[in-house]
Structures are given as C-alpha cells and as structure tokens.
> 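For reference, the structure I am asking about is given below.
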Amino acid sequence: MRLEDLFWLIPLFPAISTVLIPLFSKYLRKAGVSLLACGSVFLSFIFSSISFFLLLNQGPAKKILYEWIAVSNLKINLSFQFDPLSAVMALVVSGVGFLIHVYSIGYMGKDPGYARYFTYLNLFTFSMLLLVLSSNLALMFVGWEGVGLCSYLLIGFWYHKDSAANAGKKAFIVNRVGDFGFLLGILFTFFTVGSLEFTSINEYIKGGHLSTSLATVIGLLLFVGAVGKSAQLPLYVWLPDAMEGPTPVSALIHAATMVTAGVYMVSRMNLLYSLSEIASEVVAVIGGITAIYSASMGLVQNDIKRILAYSTISQIGYMMLGCGSGSYSSGMFHLTTHAFFKALLFLSAGSVIHALSDEMDIRKMGGLRKYLPVTFPVFLIGALAISGIPGLSGFFSKDEILLSAYLSGRKWIWIIGVITAGMTAFYMFRLIFLVFYGKERMDEEVKHHIHESPKVMTIPLIILAGLSVIGGYIGLPEAMGGRNWFRSFLSSVIEEESHPISHSTEYLLMGISVISALIGIYIAWLFYIKNPELPEKLAKKFKALYTLLYRKYYVDEIYDFLFVKPTLKGSEGLWKGIDLSTIDGIAHASAKGANAGGSILSRIQTGLVKDYGFLFLLGTIIILGYWLWKL
Amino acid sequence: MIPSIYFISISIFIFIAGLIIFFTKKDLIFVFMSVEIMLNGINLFLLSLSPNLKSQILIIFIITVAAAEAAVGLAIILNLSRIKGDVEVDTIRILKG
Amino acid sequence: MQYILFIIFCLLTILPIIYILFSKNTLYSAVALIFSFSGIAGFYALLSAPFLSLIQFLVYAGAIMVLFVFAIMLIDLREKEKRRSPFSSKIAVILSFLFGIQILLPILNLTGFLPPSTSPVNLKDLGKALFSDYLYPFEITSLLILTALVAGIIIARRES
C-alpha cells in the first residue's frame with residue numbers, strides 16, 4: 001500500500017457526503033443523515049491515521065489528480081501533498097471534526113435544519129482538508145475561500161435571526177479584506193518564482209534566488225490574509241459576532257480549525273518568513289499585541305461564548321507569536337493542543353447552554369456544579385489546560401512559545417506573553433467560578449429543566465478532555481526528560497534554528513509563566529468566591545476603563561464610521577447616479593425612441609385602399625424601371 | 001391589317017384610364033369599376049401582343065374569375081353601405097394601423 | 001374597312017371611359033361601361049378571336065355590368081361623413097401617366113408595325129384545348145364560380 005494511492009482520498013469522503021445528503025435528505029431520516037455525515041469524517045480520520053503511519057515508513061508523497069489550468073507559464077494543478085505538516089493538520093481536522101460531528105447529533109437534534117447543518121459542516125470539512133492537503137498556493141486558496149463560505153453559511157445558520165445573518169455577512173466581508181492581501185501575495189509569488197507549488201517555492205528560496213525585500217512583501221501580503229482568516233488585529237471583529245452560530249460550529253470552525261488556517265499557512269511558508277526579518281517581526285508583534293488586547297476584552301464579557309471567542313483570538317495570537325519568533329513548530333504545537341482544549345471548552349459551554357434552555361449570560365448562572373456532573377469536570381480540565389497549568393497539554397505548548405519569544409531577543413513581547421497568560425487564567429476561572437460555583441442566579445423556569453447532556457454529547461467531551469491532558473506529551477521538552485518528538489517530526493518540513501539554552505533558564509521561565517497563571521486564578525477566586533462585591537466596586541471606581549473594555553474599545557463603532565458607512569453611502573450614490581439615471585435612462589430612452597419611430601412610421605397605414613394602391617404603383621414603376629434599364 | 005401597335009396603345013390607354021379613375025374618384029363603386037376597366041385593358045394588351053390559342057384561353061379564364069370577383073365584391077359593398085350608410089372611399093379606414 | 005371598324009370601336013370604348021372620368025353619377029357610369037365593354041368585344045373580333053368577343057359581350061357587358069347596375073340601385077345612401085385624405089390624387093395621376101409611358105416606350109421600339117399573327121383560331125381547336133390541356137383550370141373555375149355564388153348570397157343577405 002503506497003501513501004500516494006491512499007492519502008488523496010481523505011478529502012473525498014466529506015465531499016461525497018456533502019453532495020449525497022441534500023440529494024437524498026427526503027429518504028434519509030435523521031439517523032441516515034447523522035450516519036452519512038459522521039461516517040464520512042470518520043473515514044477521513046481513519047485514512048489520515050493510516051497515511052500518518054505510512055508517512056513514517058515511506059516518507060512524504062505528492063499526487064496530481066488533474067491538470068486544472070495550463071495557460072502559457074501558468075500551471076495550476078489539482079494536486080495534493082502529504083508531509084508531516086499536512087499530516088498534523090489532517091489528523092486534527094478530521095479527528096476533532098469527527099468528535100464535533102458526533103456532538104452535533106445531540107446538540108442539533110431538534111433543529112429543523114438538521115440535514116442542512118450537516119451538509120454545511122461536511123462541506124466545511126472538505127474545504128479545510130483541501131486547504132491543508134493542497135500542494136500549491138492556488139488550491140490552498142480554493143480551500144481558504146471554501147472555509148470562508150462555510151463559515152458564512154454556518155454563522156448565519158439561523159438566518160431568520162437578523163443578528164445571525166448580519167454576523168455571517170460581517171465575517172465574510174472582513175475575511176474578504178484579508179483575502180485581497182492573500183491574493184496579491186499569490187500574484188507576487190507567481191511573478192517571482194514562476195510556480196505556486198510549495199516544493200518549487202521552497203527550492204527557489206533554498207537556491208538563494210529570492211531577495212529579502214521580495215520575501216518581505218510576499219510574507220506581509222500573505223499575512224494580511226492570515227490576519228483576516230485567523231482573526232488577528234485589526235481584522236478580528238468578526239469572530240465575537242460569529243458566536244451567533246450554533247455552538248458546535250463555534251467549536252469546530254472558530255476554535256479548532258478554520259481560524260488556525262492562518263497559522264498553518266505561515267508554517268507552510270516558513271522558509272519565506274525565516275528569510276525576512278521584517279515579516280517575521282510583524283507576525284510576532286501582531287500576534288503578541290492581539291493576544292493581550294483580546295484577553296483584556298475577555299476579562300469583562302458576560303456572554304459565555306464571547307469570553308471563549310476572545311480567548312480564541314488571544315490564543316491564536318500566541319501561535320502567531322511563536323511562528324514569528326522563528327519557532328514554527330511551537331506555533332503548530334499550540335495549534336494542536338488548543339484545538340483539543342478549545343473545542344472541549346466550547347462544547348462544554350454548549351452543554352451548559354443546552355442544560356439551561358439556551359441561556360448564555362453568565363450572570364444568570366451559578367452553582368451548576370451539582371447539576372452537571374460530567375460537564376463540570378471536563379470544563380475544569382479545559383480551563384486548567386488553557387491556563388497553562390503544568391501536567392496538562394496547554395502548559396507544554398504555551399511554554400514552547402514563550403521560550404521562543406524570549407530567545408528571539410524581543411524581551412518585551414515575552415513579558416506581554418506572560419501577562420496575557422495571567423489574564424487568560426483569570427478570565428477562564430472567572431468563568432468557572434461564576435458558572436459552576438456560588439449562588440444560583442438562574443430563572444426558576446430554567447432551573448426546573450436543568451439536565452445533564454446525553455451521552456452522544458458527553459462522550460466526545462470526555463475524549464477531548466483526555467486529549468487535553470495527554471496531548472502535550474508529544475512535545476515534551478528535553479528539559480523535562482522528553483525529546484520533543486513533535487518538533488523533530490516536523491523538522492523535515494520546518495527549518496528552525498535551535499538555540500541552546502541551559503535547563504535552569506528554561507525552568508526559570510516555566511516557573512514565571514506558571515506563577516503568572518496561579519496569580520490569575522487567585523485573583524479570580526478573590527473576586528468571585530471570597531469577595532463577590534469586589535468586582536462591582538472596582539468597576540464603579542474605574543468606570544471609564546471598565547466601559548472601554550466592556551464596549552470592546554469601541555472598535556466596532558470606529559470601523560462602522562470609517563469604513564461601513566462611507567461604503568454604504570458611496571454605493572447608494574452610485575446606484576442612484578449611475579444605475580438608475582444612466583443605465584435605466586438608456587433603456588427607457590431606447591424604448592421611447594422605438595415607440596416614437598413606430599408611431600411616425602405607422603402613419604403610412606392610413607387604412608385607405610387608395611393609398612395602398614398608390615404605394616403599389618410606385619413600387620411597380622421603380623421595379624419595372626430598373627428591369628427596363630437593365631435591358 | 002391593323003398594326004398591333006395600335007391595339008397595344010389602346011389597351012395601355014384603357015389601363016391607365018382605369019388607374020386614374022382608381023385614384024381620383026370618391027365613390028367606392030367607381031373604384032370597383034376601375035378594377036374592371038383595368039382588367040379589360042390587360043386582356044386586350046395580352047391578346048394584341050400574342051393572338052394565339054393560349055392567350056385566348058387565358059383571357060376566358062380571366063373573364064370568368066373577374067365575374068366571380070365582381071359578384072362577391074359587390075355583395076361586400078352592399079353590406080358595407082348598409083352598415084356605414086355611405087360608400088365614400090376616404091371614410092373607409094378599417095385597415096388603419 | 002377594318003380601319004373604319006377599328007376607329008368606331010375605339011370611340012365606342014374610349015368615350016364612355018372619358019365620361020366616367022368626369023362623372024359623379026354611378027348609374028350613368030355603369031351604363032357607359034356597358035358600351036365600353038362592347039367596344040372591347042369588337043377589338044377582340046378584329047383580332048380574329050370571335051368566340052372570345054362573344055364571351056366578352058355576353059359575360060362582361062351582359063352579366064357583370066348588369067350586376068353592377070343592380071347593386072348600384074340597391075345601395076342605400078344615407079348621410080355622408082366628413083372626409084380627410086392626406087394623399088393628394090394629383091401625384092397619383094402623374095405617376096399613372098408615367099407608368100403608361102414606361103410600358104409603352106420599350107414596346108414602341110420593339111414591335112414597330114408588326115401585323116397580328118396569322119392563323120385564326122378555330123372554335124373546334126379552342127374547345128378541344130379547353131377540355132384536354134386546360135381541363136383542371138376549367139373544373140376549378142367552375143368550383144370558383146360556385147363559391148362566389150354562395151359567398152355573394154351570404155354576404156349580401158339582410159339580417160332578419
């Protein structure tokens with residue numbers, strides 16, 4: 001069994017089910033749809049796993065399925081490649097995707113759009129797998145756009161709700177802005193390198209043909225796309241609104257997979273980014289600043305999903321920080337562990353929401369510890385993982401990132417990273433304390449119906465919790481006795497400098513970040529368990545700061561003023577001035593002209609036979625004259 | 001023998017006269033008469049140009065058809081006069097469009 | 001001799017037509033037309049087509065014009081409408097003359113003074129041809145006449 005015969009089937013299964021489900025939705029009951037949808041993703045996961053093992057034995061493979069475009073020197077093929085980097089992504093996407101599909105059977109069980117939901121979800125899985133398995137920038141962009149489309153479709157899944165429809169539009173439009181930069185980057189790449197295949201690009205760079213300035217330009221342009229897709233500053237505004245979609249969607253698309261596509265892209269182009277100091281610096285700085293900026297907004301939000309959304313933006317900032325600091329493997333590592341615990345957190349939040357009859361405001365929760373015996377422990381595990389508590393996966397990955405940030409020489413970013421770690425711990429445990437401990441602040445009606453979620457939802461949670469615990473050990477650093485297997489696995493694709501560092505320094509850095517996390521947890525305990533009145537008093541005292549944070553720095557309002565309103569006004573002006581007056585005017589004028597001409601000509605039809613006879617005579621004279629002339 | 005050109009010119013004269021009557025008269029009956037005049041002119045024209053068997057037979061048929069047409073046409077004029085009240089050519093504008 | 005007959009027939013044909021040109025009376029014009037058609041019958045005789053001339057006299061002068069006279073008498077004349085005619089008839093007249101000249105001129109040069117051609121047509125030959133070579137037109141014409149008969153009756157019927 002050869003790798004290249006097998007791995008290209010991975011995206012095929014969800015593609016087939018995407019087509020089959022809507023075609024046969026009448027005949028398939030819910031059970032059929034569930035089986036088809038989850039089964040196809042499960043098959044993708046099985047094939048990804050088999051391909052992974054084949055990869056270990058046989059090495060990377062490439063498969064060209066179809067010559068799509070061949071116009072003079074532009075050759076774009078439908079071709080896939082399977083190397084360590086795509087293996088990681090394929091396993092994460094199909095594995096976590098499968099768990100979320102299963103969870104959705106329970107969560108979306110009573111929704112009338114059940115089949116539509118799974119169609120979109122499968123379409124998304126297909127596009128994402130296309131993105132990570134493609135061997136050239138063009139096909140990757142196809143997948144890139146595809147996931148953007150599915151994001152729009154799934155955010156606005158409950159389209160009769162205005163807020164959901166608007167959120168979907170916002171996501172797609174902001175994404176478009178990023179995609180514009182991405183496309184320019186692709187164009188630049190083509191014009192310098194001559195090909196869009198990753199292998200060709202890497203050879204070109206290794207051969208020393210690419211100048212630093214060009215690398216900077218391309219890197220920055222491609223990164224614009226990543227900023228849009230992965231919700232970094234300043235194109236992050238769509239992600240909090242995207243919480244209008246169903247919770248499993250938020251888990252899959254906006255936590256585990258789509259938003260990490262930007263990180264994957266940067267890692268895929270690591271030779272490019274390593275070449276350009278400036279581009280890497282931009283990546284790292286934007287990552288770091290986004291991390292702390294977003295965490296600050298997460299401190300005061302009251303919607304359980306929005307807290308997690310800001311947390312996601314912040315964590316992706318971490319990943320970008322790692323990549324920009326030269327350690328792409330740390331970024332990918334955090335991507336993997338984040339996929340586990342963020343999906344876990346979102347799905348458990350979904351479990352809470354489901355239990356409380358769709359309540360999402362944490363001010364109306366409390367004391368759920370005793371009602372949700374499965375959800376509570378797994379949620380706690382997720383929170384501990386994201387806070388970077390030693391022993392759990394998040395600790396190892398976050399630590400790698402902070403280490404590389406420190407080693408890259410930009411100490412100030414490292415400090416930002418540490419502070420953000422503390423803030424992360426704070427807002428996660430604020431969430432835990434307000435939801436699961438303390439006074440029960442639910443409505444009576446809601447309290448009446450509280451129930452733990454069914455097994456189809458809790459079993460994926462348990463699996464994800466397990467992964468959140470043990471997932472970090474694949475990257476166990478040498479300082480703690482491991483061999484960082486993850487980094488060496490990726491080393492054939494990702495070239496990183498290794499900075500030797502003494503173990504003691506490493507222990508020191510680890511300790512600092514752990515202490516930061518513990519301080520965060522302590523403050524949360526102080527605010528919400530010991531002195532529950534404290535947060536309100538602080539909020540009143542620092543009212544301006546609190547409002548600034550609560551209103552998300554008024555960024556949405558600023559964007560509206562700077563971009564949205566002028567665009568709307570401009571298009572309205574264009575519509576009235578050009579479309580209505582000019583184009584419709586031309587149509588009306590030609591109609592009137594035809595009418596006028598017709599009414600003039602119709603005067604010949606007098607109705608008098610005499611006149612018709614006259615014309616007859618006239619014609620005869622002319623024709624006869626012509627003939628006789630000819631003779 | 002009378003040269004054919006005389007016959008030919010007479011026939012043309014008859015035809016043109018019929019044409020003129022067609023254009024200048026107000027009453028519909030005159031228009032109808034002009035048609036018959038023109039037909040006769042044509043018949044004479046035909047016979048004077050080639051006085052053989054074929055043309056004679058053709059002329060017989062023309063006369064026959066003219067008779068049938070005259071019958072139907074006059075019936076129509078009769079009907080029209082009953083409906084409209086008069087048969088002024090300039091007032092019959094039913095085909096106007 | 002023939003010339004005299006020719007001139008008589010000319011006058012017989014042309015004078016009534018000129019009268020019709022200037023007359024406003026339909027009845028008198030119809031009667032004048034009877035004379036005119038008789039003149040044409042004479043022309044046919046001069047052209048050695050005796051059967052044809054008889055047919056012309058009987059059918060045209062005898063039947064069709066009588067029909068005309070009857071129809072004219074039956075037309076009910078009531079009040080007249082106002083008329084507007086945008087087309088002046090003067091141009092038409094000029095054009096008609098033009099047309100006549102246009103037809104005459106080439107023939108003038110072509111034929112010159114050819115006498116009408118030779119063998120007079122036998123009635124026997126005519127009859128034979130009518131019932132053999134021209135049988136189809138003959139029979140169809142009889143159908144045509146039948147149709148015209150029926151049509152004429154139906155159209156001119158008084159609604160009762």
Side-chain angles (χ1 to χ4, degrees), chain B residues 1-10 12-21 23-24 26-27 29-30 32-33 36-37 40 43-44 47-53 56-57 59-61 63-72 74-79 81-82 84-88 90-91, chain C residues 2-3 6 10 13 17 20-21 26 29 33 37 40 43-44 46-49 52 55-56 59-60 63-64 67-68 71-72 74-81 83 85 89 92-93 96-97 100 103-104 107 111 113-117 121 125-126 129-130 134 137 141 144-145 148 151-152 155-156:
Chain B
M1 290 270 102
I2 303 165
S4 351
I5 189 62
Y6 287 3
F7 287 101
I8 292 170
S9 40
I10 291 291
I12 292 180
F13 179 84
I14 295 174
F15 181 75
I16 298 304
L19 204 53
I20 294 179
I21 295 178
F23 283 122
T24 48
K26 275 185 281 180
D27 206 322
I29 289 285
F30 279 112
F32 223 68
M33 281 199 278
E36 301 299 330
I37 296 172
N40 271 281
N43 285 344
L44 193 58
L47 196 58
S48 53
L49 269 179
S50 69
N52 50 19
L53 180 64
Q56 285 191 23
I57 294 190
I59 292 176
I60 290 179
F61 282 125
I63 292 175
T64 317
V65 174
E69 161 240 324
V72 178
L74 284 170
I76 292 176
I77 293 181
L78 212 59
N79 216 358
S81 82
R82 278 198 210 124
K84 267 186 94 254
D86 67 64
V87 274
E88 294 268 306
D90 299 327
T91 58
Chain C
Q2 295 217 329
Y3 278 99
F6 180 74
C10 269
T13 310
I17 289 183
I20 295 175
L21 261 169
T26 46
S29 315
L33 211 49
F37 288 163
I40 297 207
F43 279 131
Y44 289 161
L46 278 178
L47 282 168
S48 328
L52 199 58
I55 292 288
Q56 162 85 2
V59 175
Y60 246 117
I64 294 180
L67 185 60
F68 254 94
I72 291 171
L74 283 171
I75 288 180
D76 234 347
L77 284 174
R78 272 173 261 154
E79 326 88 57
K80 304 185 191 272
E81 285 176 35
R83 64 172 170 110
S85 75
S89 41
V93 173
S96 316
F97 274 120
I103 296 186
L104 193 58
I107 300 180
T111 47
F113 279 93
L114 252 100
S117 84
V121 179
D125 292 332
L126 190 75
L130 203 54
Y134 302 99
T141 314
L144 186 72
I145 295 173
I155 293 176

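In what follows, every chain begins at residue 1, and chains take the letters A, B, ... in the order their sequences are listed.
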> I'd like to know which of B:Ala67, B:Ala17, B:Gly18 tops the heavy-atom pair count under 4.5 Å against chain C.
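The residue among B:Ala67, B:Ala17, B:Gly18 with the greatest pair count is B:Ala67.
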> Where on B:Ile76 is there a heavy atom nearer than 4.5 Å to chain C: the side chain, the backbone, both, or neither?
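Contact with chain C involves both backbone and side-chain atoms of B:Ile76.
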> Relative to chain B, which segment of C:Leu33 carries a heavy atom at a distance below 4.5 Å: side chain, backbone, both, or neither?
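Just its side chain gets close to chain B.
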> How far apart are the closest heavy atoms of B:Asn40 and C:Tyr44, and which atoms are they?
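Taking every non-hydrogen atom into account, O-OH, 4.2 Å.
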> Please flag which part of B:Phe61 lies under 4.5 Å from any non-hydrogen atom of chain C: side chain, backbone, both or neither.
side chain
> Output the option from B:Val72, B:Val65, B:Ile63, B:Asn43 having the highest count of non-hydrogen pairs under 4.5 Å with chain C.
B:Ile63
> Can you see which heavy atom on C:Leu67 is nearest to which on B:Ala71, and at what distance?
CD2-CA, 3.6 Å
> I need the B:Ile37 CD1 to C:Phe37 CZ distance, nearest 0.5 Å.
6.0 Å
> Which atom names give the shortest non-hydrogen contact between B:Ile16 and C:Ser96, and what distance separates them?
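Result for this residue pair: CD1-O, 3.4 Å.
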> CD1 of B:Ile77 to CD1 of C:Ile72: how many Å apart, nearest 0.5 Å?
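Between B:Ile77 CD1 and C:Ile72 CD1, I get 9.0 Å after rounding to 0.5 Å.
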> If you apply the rule side chain to side chain contact (heavy atoms under 4.5 Å, CB included), what do you find for C:Leu47 with B:Leu44, and how did you get there?
CA-CA 10 Å; C:Leu47 282 168; B:Leu44 193 58; 4.2 Å; yes
> Could you measure the distance from the CG atom of C:Leu126 to the CD1 atom of B:Ile60? Nearest 0.5 Å is fine.
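That separation rounds to 4.5 Å.
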> Output the distance between atom CG (B:Leu74) and atom CG (C:Leu74), rounded to the nearest 0.5 Å.
10.0 Å
> So which heavy atom on B:Gln56 is nearest to which on C:Ala49, and how close?
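Smallest interatomic distance, heavy atoms only, reads NE2-CB, 3.3 Å.
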> Under 4.5 Å, counting heavy-atom pairs only, tell me which of C:Val59, C:Thr13, C:Leu144, C:Leu104 racks up the most with chain B.
C:Leu104
> Which heavy atom in B:Leu78 sits nearest to a heavy atom in C:Ala156, and how many Å separate them?
CD2-CB, 4.0 Å
> Would you compute the distance between atom CG of C:Asp125 and atom CG of B:Leu53 and round it to the nearest 0.5 angstrom?
7.0 Å
> Can you tell which part of B:Leu47 gets under 4.5 Å to a heavy atom of chain C, answering side chain, backbone, both or neither?
both
> If every non-hydrogen atom of B:Ala66 is compared with every non-hydrogen atom of C:Ile64, which pair is closest and at what distance?
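Closest approach of B:Ala66 to C:Ile64: C-CD1, 4.2 Å.
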> Where on B:Glu69 is there a heavy atom nearer than 4.5 Å to chain C: the side chain, the backbone, both, or neither?
neither
> Specify which of C:Ala151, C:Ala129, C:Ser29, C:Ala71 makes the most heavy-atom pairs with chain B at under 4.5 Å.
C:Ser29
> Working to the nearest 0.5 Å, report the span between CZ of B:Phe13 and CD1 of C:Ile17.
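B:Phe13 atom CZ to C:Ile17 atom CD1 measures 7.0 Å (nearest 0.5 Å).
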> Would you check, one step at a time, whether the test side chain to side chain contact (heavy atoms under 4.5 Å, CB included) holds for C:Ile40 with B:Ile14?
CA-CA 10 Å; C:Ile40 297 207; B:Ile14 295 174; 3.8 Å; yes
> B:Phe32 versus chain C, heavy atoms under 4.5 Å apart: side chain, backbone, both or neither?
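Both backbone and side chain.
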